[in-house]
Amino acid sequence: MTDHPPVVLPPETFQRRLLDWFDVHGRHNLPWQQNRTPYRVWVSEIMLQQTQVTTVIPYFERFMERFPDVEALAAANQDEVLHLWTGLGYYARGRNLHKAARVVMEEHDGAFPVHSLEAMASLPGIGRSTAGAIIAQSTGRRAVILDGNVKRVLTRLHAVEGWPGRPAVERRLWSLAERYTPAERVIDFTQAMMDLGATLCRRGRPECGRCPFETECLAHERGEERRFPESKPKKALPTRQTLMLLLLDDSGRVLLEQRPSSGLWGGLWSLPQFEDSEALQAWLDQHAPGAELDDEWSTFTHTFSHFRLEITPQPARVTCLDAVGESRRWFDPTDPANIGLAAPVKGLLESLRPFTLSAPAGHASESAKEPSR
DNA sequence: AAATCGGGGCA
DNA sequence: TGCCCAGATTT
């Protein structure tokens with residue numbers, strides 16, 4: 001990865017065209033664009049990390065009214081800060097905001113260390129991009145930003161391949177952002193980059209026809225705007241295996257167990273599960289001596305959002321079973337009780353019904369749906 | 001239902 | 001250093 005990637009148009013041209021666009025179409029009247037102190041810019045940046053501008057505005061104004069400066073914020077107790085944050089969500093960032101205010105008071109004499117990118121970025125909740133934004137927006141000194149909007153603009157303009165979360169890709173994007181950032185009009189430039197990404201160069205349905213870089217944008221030239229930035233590669237889901245005991249009594253009913261109230265399938269009814277056949281056999285020896293195992297059914301996969309479960313049903317027959325307690329019951333597949341069943345168990349039990357018209361083996365591609373209750 | 005987002009925390 | 005997460009929204 002080169003330190004100086006080729007650029008699609010000369011930085012001066014890029015800057016002039018972007019600023020011309022911004023002067024006409026950019027946002028100029030946001031509350032934090034008046035009286036641009038580091039404090040106000042900081043609070044707005046943190047709020048904007050997670051929420052759209054229109055939602056942020058009333059929160060920002062209430063926040064400023066109650067905490068007009070860092071000192072007021074640092075003196076508050078956390079509960080009051082979080083109270084004003086209620087509805088914005090992501091409370092960790094509200095807590096970080098409060099923490100950072102105290103650091104500014106105690107370690108920087110109440111003044112944001114806007115002279116140092118490093119010092120800014122070491123404050124809780126402030127990373128490299130937010131540090132750059134605060135410095136640029138509140139002092140007008142040259143500083144580089146790379147938030148999600150800017151990343152989208154740059155990956156499209158240069159058709160940057162690869163997921164931006166990859167370090168090599170991120171380095172290239174920082175390098176591009178660095179090269180395009182001017183020394184003058186930095187406040188407007190950084191705002192313009194964010195506005196362009198937020199309004200025209202949106203994730204879905206970008207309005208390329210109105211974009212000042214329509215003729216240079218490599219993604220647009222290829223008709224592939226929507227492919228950039230590339231999305232995070234989805235990791236292969238981990239796979240777990242389980243045996244499910246399908247214990248039938250002589251009238252064809254199946255033994256169910258209720259799951260613990262929390263965790264996977266919390267409170268739902270399921271089949272007894274075992275890691276391996278030894279564990280299953282040990283359970284049978286204890287609870288259903290004399291049970292006869294039939295051949296295993298074929299394994300099928302149930303997919304959750306975070307892992308895959310390979311399920312092998314193990315049928316067995318028993319004539320009598322003691323100890324059917326609170327969390328165990330017999331279930332008649334021909335007359336299904338109205339109880340919450342784990343999704344794959346529901347499918348299995350349906351396949352036991354004698355007059356079902358659907359094929360029994362419909363499990364292979366099911367997803368993690370909530371079973372009906 | 002899935003993708004997204006900037007920073008924090010951890011191996 | 002690199003990788004994944006929390007936590008809520010948008011598409």
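Chain letters run A, B, ... following the sequence lines, proteins first, then strands; residues in each count from 1. Atoms considered below: every heavy atom in the structure, side chains included; atoms not considered: hydrogens, waters and symmetry mates.
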Response to the item:
By nearest-nucleotide position on DNA chain C, the 5'-leaning member of A:A92 and A:G165 is A:G165

Item to complete: Remember a base hit wins even if backbone is also touched, and classify A:L88 as base, sugar-phosphate or nothing at under 4.0 Å, heavy atoms.
Response: nothing

Item to complete: Classify the nucleic acid contact of A:T51 as base, sugar-phosphate or nothing, counting any heavy atom under 4.0 Å across all strands shown.
Response: nothing

Worksheet item: Between A:L123 (CG) and B:dG8 (C1'), how many Å, whole number?
Response: 14 Å

Worksheet item: Under 6.0 Å between ring centres, would you say that holds for A:F60 and A:W32?
Response: yes

Discussion item. Ring centroids only, cut at 6.0 angstrom: are A:F22 and A:H28 within range, meaning strictly under it?
Written reply: yes

Worksheet item: Side chains of A:R259 and A:Q273: do they bring a donor and an acceptor to under 3.5 Å?
Response: yes

Practice prompt. Starting from P on B:dT4, measure out to CZ on A:R227 and report it in whole angstrom.
Written response: 14 Å

Worksheet item: Does the side chain of A:E80 reach to within under 4.5 Å of the side chain of A:R66, using non-hydrogen atoms?
Response: yes

Worksheet item: Between which nucleotides of DNA chain C, read 5' to 3', does contact with chain A run, using atoms under 4.0 Å from its heavy atoms?
Response: C:dG2 to C:dT11

Fill in: Of A:Y90 and A:R203, the one whose closest DNA chain C nucleotide lies more 5'
A:Y90

Worksheet item: Which part of the nucleic acid, if any, lies within contact of A:R152, taking any heavy atom under 4.0 Å across all strands shown: a base, the sugar-phosphate backbone alone, or nothing?
Response: sugar-phosphate

Item to complete: Have a look at A:G204 and say if it touches a base, only the backbone sugar-phosphate, or nothing, with a 4.0 Å heavy-atom cut-off.
Response: nothing

Worksheet item: Is A:Q50 touching bases, backbone alone, or none of the nucleic acid, heavy atoms closer than 4.0 Å?
Response: nothing

Worksheet item: So, does A:T190 use its side chain to make a donor-acceptor pair with the main chain of A:I187 at under 3.5 Å?
Response: yes

Discussion item. For the aromatic rings, using the six-membered ring if either is Trp, is the centroid distance between A:Y180 and A:H158 under 6.0 Å?
Written reply: yes

